[in-house]
Amino acid sequence: MTETRLRFPPSPTGYLHIGGARTALYNWLYAKKTGGKLILRIEDTDAERSTQESIQGILDGMKWLGIDWDEGPYFQTEFESEHEAMANKLLAEGKAYKCFCTKEELDIKREAAQKNKTTYGYDGTCRDLDASVVAEKEAAGLPFVIRFKVPAIDGEIGYDDKVLGRIKAQYSEIEDFVIVRSTGKPLYLLCNVVDDIRDRITHIIRGSDHMTNTIRQVLLYNALDAPVPVFAHMPLTLDTKKAKISKRKHGEIVAVQFYQEKGFIPWALSNFLVLLGWSPGNDTEFFSKEELIDTFSLERINKTNSIFNYQKGNAKFFTDPKAISFNEHYLRTMPIEEIAAMVKPFLEAEGLWDSSYDGDKKEWYTSTIDLIRDRFQMLSDFGDRGRAYFSDEFTVEQKPLKKNVLKHEGLKEWLPMLADRYEALEEFNLESAEQTARDLATELEIKPGVIINGMRTVVTGQLAGPSMFDILMAIGRERVVTRLRGVAKLYEIAV
RNA sequence: GUCCCCAUCGUCUAGUCAGGUCCAGGACACUGGGUUUUCAUCCCAGCAACGCCGGUUCGAAUCCGACUGGGGACGCCA
């Protein structure tokens, strides 16, 4: 049994998007499952659109997602001479020919065909040009492209797709496609095949938008006397209007980097993405990497396109709700040490990180993260809604301010009173803090909730949060006392 | 327009290949309830789909055929 070899060949014309990430993921999963290799190949032959920045973005995106590769990155441009050599080989063997038709001529024919409502395929003007004519035109310096000579046979050619089944097409319906530009640069269809042959690729998993390319590439494999790899065309990811998702059209919402910045847990995104077009056949939705590698199979890839349920302008869900729920699930259930480590960069970005969180305050840091993680959905929430736990500079939100503080004029005195009692407490712990607050409420003949919720807002700036007395312990007596005494200024700002 | 592919809740999907166990299961979302002196987590319940028509069959989500709908490809892009 030969080793399985897969590849992920992005073109560096923009950041890594979730569709590409999903493709990479499937290839990676299958390589891991079969004990094979994943090759990363940057297809940068489109010099005009390729950028160094994109290359870095793709590499970073893959690393963040945890998709590692075994070989590469290779750069397609490094193999240009090989591509040219193969084109010349096809030419020499009579499997390809030079075509002198100009772009303008072809455009005219194409337009004419459209007027007559017929399809235009290359009409073969130069297909059987006499060698002397070719030599003459070349001598005259006429530019030419190289076209592949599709065998003039009746019948059909096809391949067995692991997802879609047998795919076939009539030879007569395939036009003689261009494999080398008039500039002498080989085109994708050829380069891709030549590279895959050289890299000994055994399985090609890619989007079903490549289906028609595959037919032509099978022709190329045959002409080059190379074995045809196994193809698996995965369904496309569409937007809610059923259009293919693209960087141009959808912008950052489809960029992997966006999810990184938003505070997604990489594996949560991967897990979600994998399930867009594949399922294990049972009700399992959450997988560890190992479990997923173990369960993944080409045969269970769906045929139906799936919709990435992102609703523009939805205030509650900034992206697909299910993706968010996956992130929440992992945020709540992953080992707290892992979460704590992932939160670090987000606190750093907000200037809230303290080196002691990695040292003697590590236990405090970890338990605080643990205390508040249930209510958050993104890693970024810790440095945002969770700010009050790490800094004295936090904003008090308007809604809770009105509801929990301003509504009760008395809190202006009550909270400082509570602060005094907390300060005087011999021992400031869960029980004593609660008892003190409740005693005060009883004395003042008010509901404990008034004190508690007022305190919550003053101490954390938030409407809701964990159990109040747990919060007190996390924030610490000193800070609590100061914040409670500062209640008066909240009435001032509000007016 | 031509060729190709696809078709189950709003969304992701199980079930289709080997027809009965499916008046269709799970998840997200949504609604209601329980827990919580907050909010969330968590738990329980509810809502919600086999595109249409015909055929085969004792029996069809499942097989066959049309129709309809959706998508993709038709570049000297990748």
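Throughout, protein chains are lettered first and strands after them, A, B, ... in sequence-line order, and every chain is numbered starting at 1.
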Here the residues of residues 434-445 of chain A within 4.0 Å heavy-atom distance, strictly under, of RNA chain B are A/Arg438
For A/Glu80, the salt bridge (charged side-chain N to carboxylate O under 4.0 Å, His left out) test, sequence neighbours excluded, returns A/Lys185
Counting the benzene-type ring for Trp, do A/Tyr389 and A/Phe382 have ring centres under 6.0 Å apart? no
Between A/Asn282 and A/Glu173, whichever has its closest RNA chain B nucleotide further toward 5' is A/Glu173
Between B/A7 and B/C12, how far apart are the two C1' atoms, rounded to whole Å? 16 Å
Per atom distances to the A/Thr304 side chain, the nearest of B/A29, B/C12, B/U8 is B/U8
In whole angstroms, the gap separating C1' of B/C17 from CZ of A/Arg166 amounts to 18 Å
Using atom P in both nucleotides, what's the gap between B/A66 and B/C4 to the nearest angstrom?
13 Å
Taken to the nearest whole Å, CD/A/Gln311 to P/B/C30 is 12 Å
By ring-ring contact (aromatic ring centres under 6.0 Å, His included), A/Tyr159 pairs with (sequence neighbours left out) A/Phe231, A/His233
Minimal heavy-atom distance between A/Arg7 and A/Ile201, with the atoms involved, is CG-CD1, 3.4 Å
* **side-chain N/O A/Asn302 vs B/A7 OP1/OP2, d < 4.0 Å** => no
| task | Determine the Euclidean distance between corresponding P atoms of B/G15 and B/C63; express it in Å to zero decimal places. | result | 13 Å
Here the residues of residues 268-281 of chain A within 4.0 Å heavy-atom distance, strictly under, of RNA chain B are A/Leu275, A/Leu276, A/Gly277, A/Ser279, A/Gly281
- Task: May I ask you to establish whether A/Arg300 and A/Phe296 are in a cation-pi arrangement, using a distance under 6.0 Å from NZ or CZ to the six-membered ring centre and at most 45° from the ring axis?
- Result: no
The contact string for nucleotides 71-78 of chain B, one letter per nucleotide 5' to 3', using protein heavy atoms under 4.0 Å with B, S and - for base, sugar-phosphate only and none, comes out as SSS-SBBB
### Query
Does the ring of A/Phe144 carry A/Lys137 above it, NZ/CZ under 6.0 angstrom from centre and within 45° of its axis?
no
Sequence neighbours excluded, the answer for ring-ring contact (aromatic ring centres under 6.0 Å, His included) partners of A/Tyr122 is none
Practice problem: Could you tell me whether A/Lys316 contacts a base, only the sugar-phosphate backbone, or nothing, with contacts defined as non-hydrogen atoms closer than 4.0 Å? | Solution: sugar-phosphate
Using atom P of each nucleotide, how far apart are B/G54 and B/A60 to the nearest Å?
13 Å
- P spacing across the pair B/C23 / B/A29, given as an integer number of angstrom: 29 Å
Paired to B/G51 by Watson-Crick or G-U wobble criteria (both distances under 3.5 Å) is B/C67
Check your understanding: Considering only the C1' atoms, how many Å lie between B/G70 and B/A78, rounded to the nearest integer?
Key -> 25 Å
Checklist entry - A/Ser54 and A/Arg49: side-chain donor and acceptor closer than 3.5 Å? => result no
With sequence neighbours left out, the residues meeting salt bridge (charged side-chain N to carboxylate O under 4.0 Å, His left out) with A/Lys403 are none
* Touch check for A/Pro448, heavy atoms < 4.0 angstrom, all strands: base, sugar-phosphate only, or nothing? -> base
Partner of A/Asp44 under side chain to side chain donor-acceptor pair (under 3.5 Å), picked from A/Thr51, A/Thr13, A/Thr77, is A/Thr77
Rounded to whole Å, CE of A/Met234 lies from P of B/U13 at a distance of 11 Å
ring-ring contact (aromatic ring centres under 6.0 Å, His included) filter on A/Phe308, not counting sequence neighbours, yields none
query = On a whole-Å scale, what distance lies between the C1' atoms belonging to B/U56 and B/A49?
reply = 25 Å
Taken to the nearest whole Å, CD/A/Glu299 to P/B/A14 is 14 Å
By nearest-nucleotide position on RNA chain B, the 5'-leaning member of A/Asp283 and A/Val450 is A/Asp283
### Message
Under 4.0 Å, counting only non-hydrogen atoms across every strand here, what does A/Ile167 touch: a base, just sugar-phosphate, or nothing?
### Response
sugar-phosphate
Per-nucleotide protein contact along nucleotides 38-45 of chain B, 5' to 3', at a 4.0 Å heavy-atom cut-off (B base, S sugar-phosphate only, - neither), is BBBS----
Residue pairs meeting side-chain hydrogen bond (donor to acceptor under 3.5 Å, both in side chains), one or both in residues 379-388 of chain A, sequence neighbours left out, come to A/Glu350-A/Arg387, A/Asp381-A/Arg385
Residues passing the side-chain contact (heavy atoms from CB on, under 4.5 Å) test with A/Thr333, sequence neighbours excluded, are A/His329
- Say you pick atom C1' in B/C74 and the same atom in B/G55; how far apart are they, in whole Å? 35 Å
Check: Does atom CG of A/Asp154 have more than 12 heavy-atom neighbours from other groups under 6.0 Å away?
Finding: no
If pairing means Watson-Crick or G-U wobble with both distances under 3.5 Å, then the partner of B/C3 is B/G72
Rounded to whole Å, CD of A/Gln377 lies from C1' of B/A29 at a distance of 13 Å
Next on the checklist: What I want to check is whether the side chains of A/Asn302 and A/Thr304 have a donor and an acceptor closer together than 3.5 Å.
Outcome noted: no
Sequence neighbours excluded, the answer for salt bridge (charged side-chain N to carboxylate O under 4.0 Å, His left out) partners of A/Arg181 is none
note: A/Glu285, atom CD; B/G26, atom C1'; distance rounded to Å ~ 7 Å
note: A/Phe318, atom CZ; B/A29, atom C1'; distance rounded to Å ~ 16 Å
In whole angstroms, the gap separating P of B/G15 from NZ of A/Lys303 amounts to 12 Å
